Amino acid sequence: MSYQLFIGNKNYSTWSMRPWILLKQVDIPFQEHWIRFDSFEPDSQFKTEILKLNPTGKVPALIDADIIVWDSLAIAEYIAEQHPEKALLPQDKKLRARARCISAEMHSGFQALRNLCPMNVEADLTHVGKQLWAENEQIRAEVARIDQIWSERPSEDAFLCGELSIADAFYAPVVMRFECFNLPLSASSQIYMQKILALSSVQQWIQEAKQEQMFVPFDEPYRQNRDEYLKK
Ligand SMILES: N[C@@H](CCC(=O)N[C@@H](CS)C(=O)NCC(=O)O)C(=O)O
């Protein structure tokens, strides 16, 4: 039996995007279960559905036979461990430590970016990005740190730790945030962004996100409706 992966809306769910693109990009088969974001209230359809399998009441969650794995970092580590042939954690000890550190850093940090620049695949919020960049020092500091991480790849044409690893899956949603808010990045980081955007898994995620055509108000601090600031 293949993996069962439970995810939320592709337009908004950064946490869901991480394991989804990791599995897709390295051709590990899985069945996808979409749990629509209606609200995160205790009596919402979303909570009712997800709480049947995940005690945290959140997506993503991965089911492997009688094992349930929740939390995107735990899922990524689990997939890497189950499929050593895919080398989702670098063979090299130093690079492997770095992949873990930068994934954990993304997992638990970057609060301003997380709160003020939510992923919205179908929207172009360049005007908001400009204003945040001008007015918010914490956003500038977090972008500078991301720029540093992306620029420190082993070589210009490499992924973050050489070959594709769990770290790239952790930063792919950040690439989507930059796509939406158009925050300034160095030339080297822009090359990395294009490399991630060119991945077939990321392209598929973007396409499917655009097909959802759903407006979820609690994930939309900057739009009143779907037609506003819709990407061309
Ligand atoms: N640390 C968790 C966070 C997961 C998370 O917050 N998921 C959001 C959707 S993108 C969610 O399900 N939120 C429901 C809620 O906060 O009640 C992970 O990495 O998987």
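These numbers come from the heavy atoms of this one structure, side chains and all, not from hydrogens, waters or symmetry mates. Just so you know, ligand 1 is whichever comes first in the structure, and atom 1 is the first atom listed for that ligand. A quick note: this is a predicted structure, and the numbers were derived from the prediction, not measured.
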Asks: Is the closest basic N to carboxylate O distance between Arg36 and Glu212 below 4.0 Å?
Replies: no
Asks: With sequence neighbours excluded, tell me which residues meet salt bridge (Lys or Arg N to Asp or Glu O under 4.0 Å) with Glu122.
Replies: Arg223, Arg226
Asks: Among Leu113, Leu116, Val128, find the residue that satisfies the side-chain contact (heavy atoms from CB on, under 4.5 Å) test when tested with Phe181.
Replies: Val128
Asks: Would you tabulate the polar-atom pairs, meaning N/O of ligand 1 against N/O of the protein, with distances under 3.5 Å, reported to 0.1 Å?
Replies:
| from | atom 1 | to | atom 2 | distance (Å) |
| --- | --- | --- | --- | --- |
| ligand 1 | 1 (N) | Asp71 | OD2 | 2.9 |
| ligand 1 | 7 (N) | Val59 | O | 2.8 |
| ligand 1 | 12 (O) | Val59 | N | 3.0 |
| ligand 1 | 17 (O) | Lys47 | NZ | 2.5 |
| ligand 1 | 19 (O) | Ser72 | N | 3.1 |
| ligand 1 | 19 (O) | Ser72 | OG | 2.6 |
| ligand 1 | 20 (O) | Ser72 | N | 2.8 |

Asks: Are any of the side-chain nitrogens in Lys24 or Glu32 under 4.0 Å away from the carboxylate oxygens of its partner?
Replies: no
Asks: Which residues satisfy the ring pair (Phe, Tyr, Trp, His ring centres under 6.0 Å) test with Phe46, sequence neighbours excluded?
Replies: Phe37, Phe40
Asks: Checking Gln204 now: which residues fulfil side chain to side chain donor-acceptor pair (under 3.5 Å) with it, not counting sequence neighbours?
Replies: Glu208
